[in-house]
Structure formats: C-alpha cells, structure tokens
Amino acid sequence: MKNPIAERIADFLKHYPPFTSLTYQELVAISEHISVKYLEKHQILFKVGDATHSDFYVVANGAIGLSVISDAEEFLIDKCDEGDILGLRPFFAKNNYLMTAKAREESIVYAIPIAVFQPYVANNTNVQNFLLESFASNTRNPYDKDHRGKLISENIIFDEQSATDIQYFQPIKYTKNPITASSSDIIKHIAQTMSNSRIGSVIIHDNQLPIGIITDKDLRSKIATGLFSIDTTADKIMSSPVITVPENISIAEAQMMMLKHNVGHLCVTRDGTEKSPATGIITEHDIVAAQANNPGILLKLTRRATRSKELKAVRDKLTDLIQNSIDKNIPITHITSVAAEINIALTKRAIDLAIEKMETPPPTRFAWFNLGSQGRKEQLLLTDVDNILIFEDVEAERYDDVKQYFLQLADKVIETLEKIGYEPCPQGLMANNELWCKSLTDWIKQYNTWINTPGEKGINLSTIFFDYDLIYGDVSFENSLTESIFNSTDNNQLFYAFLGTNAIKKPAPLGFFRQFLLEQDEEHKDAFDIKNRAIMPLVDAARVLTISRGIKGITNTYQRFKKLADMEEQNSDLYLECAEAFNTLTWFRTDEGLQNNSNGGYINMQELSKVDKVKLKNCFQPINDIQDLIKNRFQLTYFT
Amino acid sequence: MVLDWLTGKDIPQFWKQYLAHFDKEEQNGPKRYIVFDTETTGLDWKDDVILSIGAISVINDEIKVGDFFEAFLKQDVFNPENAILTGILKEGKEEKIIEAEAIIRFLDFIKDAILVGHNINFDVEMINQALKRLNLGKLKNVMLDVDVMYQKFKNLPEDKHHNLDELCDIFKIKKSDRHTASGDAYIIALLFLKLKRKLKL
C-alpha cells in the first residue's frame, strides 16, 4: 500500500542534510517508521541525564532549544529550527543526554528510530560524513579562537563554514610501533605484557603482517569466562581479521571506520592493507583525546600523562574550557569546582612523576597540601601556587636526611608545576622551602605558635595557611593537623581578633559619594584593584567566621558563606549575599584575566559597561556589612 | 446480533473478528487512536457513497506514520464536480477495490481503536451505511470529534462549529494535501495531538 503521509514527510526531509544524500525511495522507507510528535511550548523532549532515546529527532516546525541546566538554572546553548537534527548522542555514545531539549514554541518533531537509520549511516559515506562533520563542528578547535564556545552538544546544525576548517580532518595522533605478539604466543604472556605496558590491546602478526588483535575485551569474554584457558595460544582467541587503515588517517576517518566496523581498535599499516607491516594502533581513546575539551577527559589525560609537556597541554585546555564556560554564562561555582578538580589532578600527577624521578622511594609517608587560592579550590587563572609538605615523624638522627629527600622531591614537583604554567609563589611559600617542609609534629608546633602568639608578621603568613587542601598522601595528616588547629583556636578571642583585623583592613571600596575607589599609583592608575579591595576582604571574612564557628573541612569561600548561612539564620541573608558577591567578583576577575592574559587583579573601569559597573558596585554593600558584623562580633572597634 | 444468529443468518468471519476485539478484557497497553477521514460523492448519507478512506494511528501522543490505511473504492454513483474537488477520477491511477473489500480491510485495521475525525458522525454514518448494505451492524468503536474537542477546550456552545480549514488556521497547521482522505486524516491527527495535549486527555 502506498503511504502518502510517509511520502509527504519524505518530501520535507529531502531538503535537509543528511537526507539530501538519500534517494527518495529510501526516504519514504525511513518515513514509514517515523513517529510525529507534538510539543507544547516549554514541553521537554529530553532532559540532561535522561537515558538516550531510541530515536533521534528532526524539527518539522517550531523551534527546540538546547540547554544545559546547572544549579537549577537553565542556559540556552543552541536552537534548532525547521530541518535541524537533534538528539544524535545515541549514535556516538552510550551515556545519557548531556543537554535538555525543550520546545521554545509549539513544535512538531519527527522521531526517527536510530535502528532504522543506522544502516543508511553505514552504507552511505555522505550521510556518515555529515553526521561526523556535524558532531565535529560542535567540537571546538582549541587553536581557533573565533570558534570558541562550542561545547560538545547533542545537536548538530549544518554549517559548511565550520565543517570545512575543523581540526577534525587533521591527522590523528596514535601509538606508533605498537606492541605485537605472534599467533603462537601464550595468552598468559601476552596478558602480562599488556598489563606491564599498561595497554589495552596487542596486535597479532605473522611475518610482520597483522592478522588479528587481542584486546581487553577478548581477555574478558574469552579467558575470564573460562571459555579458553590462559595457556591457549593467541590465534585461538584473537579477533580476526584486524581492521587496517593507512598512516595519516584523519580523526573523522578513524571514527568512521570504527563506527562502520563496530570496533574499538584500528591497526595502522604502511599501505593501509593487511598486506603490509603494522606501524601503529588507533584506539577509541585516541579519538576522544583528539577532540577532548570536556573535564572528564582532561582528568583522564592528566592521569595518563608521563611528561610535563602533556600536563601543560591539559592546563591549556582547561583555560579554553574556563573561557568557554565564562562565555556561556555557566555558573561560576560550577566552573571553579571543575577547575579545582583538574588543578588537583595536575598537582597530584606532578608529584607522581617527581617520585618516579627520585632515585629511591620516599623514606616515609608524607602529605602535600595546596594553600591559598588553590587550597580554597577557587583558582581559575594561572596565578601563583602555594604549598607545604608534611612528612611523618621520624627519629631525630634520620630527620635531616628525610627532610633533604622531601625538599628535593618538592623541588622537582615545583619545577613541573612551573613548566605547566603556574607561577611560583613570590614569597617562597612552597614546599621546597625548608621552612615549609617539615614533620607533622613540627607543623603542629608551627600552627600553635601562630595561633597563640599572633604577631603582626605571623598573622600575615598564617591567614593562607588556614586554607589548606590535601592533595597527596594520607588523610590522617590532614585530620591530625585540623584537630590540633581547632583545639588551639577554640574560643581563642585573641586569635579571632587578629584574623578579624586582617579581614577589615581594606574597607569596602566605595568612596563617600558611592564612587569607586580607584588606584592612584602609576602602574594601575584609575584601575580597580578587584583582588585586594573586593575579593580578599570576602575571603578573609569567610575564613575568620568559619574558624571561629569551628567549621572544619570547608575552605572554599563560597561554600564557607553557604555553610555560615545554614548555621546562623539571623545573618543568613547577608552570608548568601556575600556568597553571590564573591561569585560575581570572581567572574569579573576571571574574565579580565583571560582577556588580558594577566592575573586579573585590576579591572579597567573604562572598559566596563554601565550594567557591569552596577553589578560590580552591588557587590560592595555586602562587603561593608560583613565587615561591620566582624567588627561587632570580635569587638574590633578599638583596633581600627 | 443475537437476532441474526436466531434467524440462522451466516455471520461473516471478519465481522466476528472485529466484534471479538470488544469482548477482550480491559487492556493495560497504551490506547490506540485511529484518526480517519472519508471522501464521498456528496453529503447525503442515504444516496452518496464513499470514494476513499484514509486513516492513521496515534499511540502515546505520537502519530505512527507506518500504522496507516488507505483505500480507494470502485463506485457506481459518480459525480464529476466532486471528482474535480477531491482529485479522484473515476478511472484514476490508484488500485480500486469494491466497497465490501474496503470495509473488511478497514475493520481489520481499526480493530477496537478509538476513532477520531472531524464531523466524525458523518464519516461513521457513511461506514455504517456500507455495513448495512452488507447486512451488518454499526461500528462499535468509541468516537471523538476534533470539532467538539475544540468546543470543549474553548467552552463554546454546541452549535458553534469550525470547519477543518478554520481549525488548521487556529492551530497553525499547514493545509497541504487537503481533500485527499489520507491528507485530511493526517491534518486531523495533528489537530488531535494538539487538542489532546491541551485537554490533557
């Protein structure tokens, strides 16, 4: 029976890629499997985190917005109009939707079952290319600043411009000179080799020619299940033939081949056929890595890095990611927490690598703490790093040797951190300074001295020592330190008074006529010192208030204010305002820093729009109010 | 039916099958709606006959393009004016079947689905007349009319009617393929999806 309705839909589809590449008969056949959906305005098609549907969608009329939801707020990322395709994620990934698709107006969408469309993808290079190009055009090219702001999305919108100049068609990086085995090798030995070299696959060759491949999956499904014993020879369980590709294959082609043959590994050979020697191996990981700009992949890359150069590449990508997120108005708390995770992973990896470089393993257990903005997990720009090292108590006669070892280790770590792009602390507040690399007992003594006899010099140093974050080592170090600190600070009015005085040193930056207080010195004339006049007062205020309330384990300024708001109902409004103000200020500083490749400390007022000026000014009232609160609470009136 | 049985008249197999769908226990699966439309030789259900039937299903708020029915009927009553309007010429290209065959296939397609149409009483009456000519009873299906649904949605009086073109304009539905049974069925199906959503059916 003819189906005029399917024909009518085919008539519509044929105007839009990738359907333009299919014949009319094929389109009618596809259309017969289509479901037509009506969406009311604001109706949701799929949500972030929903399991992927068995269909993808074409907008027949109306408009569907794609957004990410963060902290209960929605951020529109893209809009699909008539003929646009969305919900392609199931083609490429098994995980859930990363975005929410919601009707921006009354819309009709065609739902096309992926199972029905898949054969056309596999059999038609144009369709395949279109999907891949579209997938790729959402992958931002980190070298092209004009294309910033395209996070990997569910969506594809055909844009010839972006499809042609993408990095996607550049050669993929892969493992050269792969580890191979011969078909008569015993599985157990192959598995040992794989495990020692930390690789997921081995190419099986016969006279240099690739004849098969053994992957983790083969070991899992054929050996671990008991189907074959571990002293079987390789040829019994290898997957054969292996899919071969030529050298210099592009990312797009590689992904296409995997999609087409439903495999996760490709064998690179000299002439691209299995009749020439294997020269490399491409894994799914290589493809992901090549288009990586999402936090999960950055973390993975960090953990796999073996050289500081690779770590630097991750940090550079993180800068891109932060820039993207700022452009996209993704909430600053979200950005900072992602950035903090990556910063932590980078430091950790730098320590791992340093230990490997040392001639002997660490003589005793130790812990590495980040301090300052990193310790508070709020460092977005590549500013300076502060850190300390604590090692386990050892006998007096070993003390010097142990300390020497850790100073050397810290030296190597900091060297790597500098290569990554972090600036060393100008005050030398780092673990390779012998003052800040010592045993747990010595550290506890150190903290007690600061807390109980807070001299002017002491206090200046100690404020950032109270924002520490354990990066490496056993959590017991952190617990002992925290325990000891809070025992000494408990109800220690003198100590609070000093911390409080520090917090109100710089009053809210508003002049008598509510004008901005601008800098007078030559270098920063008429710029606004956002770091010292607005951000630091909030950081300092949050610190003294949380320590005095005995709040342990939270160092992030935003989180500290949130926690305070929970604990003190009568002041919760003020605390929440401070939390918000802190986010807004961080946003300004980060934006400034990224634009001028600086630490964002000074905002040029001339460049701010009127709206931004008001936004900035609105942050000052809470600073003023929180300083009043601190003055009253710690009875600081006489000090100032 | 009981009467037919008492008089010993043969009940055709297809009609038994059709009726059997209504004897089944309450089903748990999603409801199947069949949106349909007929093109006829005129508007007099006594004298006019069906030229074509188009029908498509709606399940779970989705139009299932593949769950589709269309039939063109051989006819004796032929009105040239009507043919110009509906595009169905007496010797058109479509495969034509006799009325009885069309009714058999139609019943097999709709089963116990809820029928949806515009001015559905007329379309149902046309089918019922055809059933009568086969000495069978009337359609048993539950019926919904998009015109009545719109009246309910807008709280309009019962005598306030809207034709299909008007409803399409109100709901911004493109009026391509009007005046073929399947084209109209699809348009009514879109209207139905929208009204169903608005009335939270």
Side-chain angles (χ1 to χ4, degrees), chain A residues 1-15 19 24-46 53-63 81-83 87 102-117, chain B residues 30 35-37 39 52-72 87-88 92-95 97 102 105-106 108-109 170-201:
Chain A
M1 179 168 44
K2 266 180 66 177
N3 186 332
I5 294 169
E7 285 169 11
R8 181 170 162 174
I9 292 173
D11 277 331
F12 171 85
L13 292 177
K14 73 181 182 198
H15 298 295
F19 307 105
Y24 189 67
Q25 282 72 30
E26 287 174 323
L27 289 178
V28 173
I30 292 167
S31 298
E32 283 180 356
H33 292 93
I34 282 179
S35 299
V36 183
K37 272 175 114 82
Y38 162 69
L39 300 171
E40 254 181 327
K41 192 172 178 177
H42 300 316
Q43 196 181 332
I44 286 169
L45 184 57
F46 52 77
H53 298 175
S54 54
D55 304 300
F56 70 100
Y57 303 95
V58 183
V59 180
N61 66 56
D81 297 315
E82 207 168 291
K102 189 166 152 185
R104 291 169 62 79
E105 50 191 80
E106 275 200 326
S107 305
I108 303 273
V109 297
Y110 297 140
I112 304 181
I114 283 163
V116 168
F117 201 64
Chain B
V35 186
F36 87 108
D37 188 53
E39 297 298 324
S52 65
I53 309 173
I56 191 157
S57 83
V58 170
I59 300 172
N60 284 337
D61 291 335
E62 291 176 356
I63 301 174
K64 300 289 178 192
V65 177
D67 197 5
F68 169 79
F69 175 86
E70 186 176 51
F72 293 92
I88 301 170
K93 275 181 235 154
E94 283 86 5
E95 180 218 4
I97 51 179
R105 291 191 197 172
F106 181 67
D108 183 48
F109 175 72
I170 292 166
F171 286 96
K172 298 187 203 85
I173 291 170
K174 280 186 204 151
K175 287 177 285 188
S176 53
D177 264 352
R178 278 282 278 117
H179 304 301
T180 68
S182 55
D184 279 358
Y186 182 61
I187 287 169
I188 298 167
L190 288 173
L191 268 176
F192 175 62
L193 280 187
K194 297 193 177 196
L195 281 163
K196 187 169 181 287
R197 181 89 200 167
K198 295 195 190 307
L199 292 167
K200 302 197 166 45
L201 278 179

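In the text below, chain A, chain B and the rest are named by the order of the sequence lines, each starting its count at 1. Excluded from the calculations below are hydrogen atoms, water molecules and symmetry mates; all remaining heavy atoms, backbone and side chain alike, are included.
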Exercise for review: Drop me the distance from B:Glu70's CD to A:Lys2's NZ, to the nearest 0.5 angstrom.
Suggested key: 7.5 Å

Review point. Are the aromatic rings of A:Tyr38 and B:Phe192 close, with centres under 6.0 Å apart?
Key: no

Practice item. Apply the test ring pair (Phe, Tyr, Trp, His ring centres under 6.0 Å) to residues A:Phe46 and A:Phe56: give CA-CA distance (whole Å), side-chain angles for both, the deciding distance (0.1 Å), then the verdict. Key: CA-CA 11 Å; A:Phe46 52 77; A:Phe56 70 100; over 10 Å; no

Point to revise | Derivation and outcome, salt bridge (Lys or Arg N to Asp or Glu O under 4.0 Å), residues A:Glu40 and B:Lys200 | key: CA-CA 12 Å; A:Glu40 254 181 327; B:Lys200 302 197 166 45; 5.7 Å; no

**Study point:** Max heavy-atom pair count under 4.5 Å with chain A, selected residue of B:Asn60, B:Ile56, B:Val65
**Key:** B:Val65

Check your understanding: With only heavy atoms counted, which part of A:Ile9 is less than 4.5 Å from chain B, the side chain, the backbone, both or neither?
Key -> side chain

**Study point:** Option in B:Lys172, B:Lys64, B:Lys194, B:Lys174 with maximal non-hydrogen atom pairs under 4.5 Å from chain A
**Key:** B:Lys194

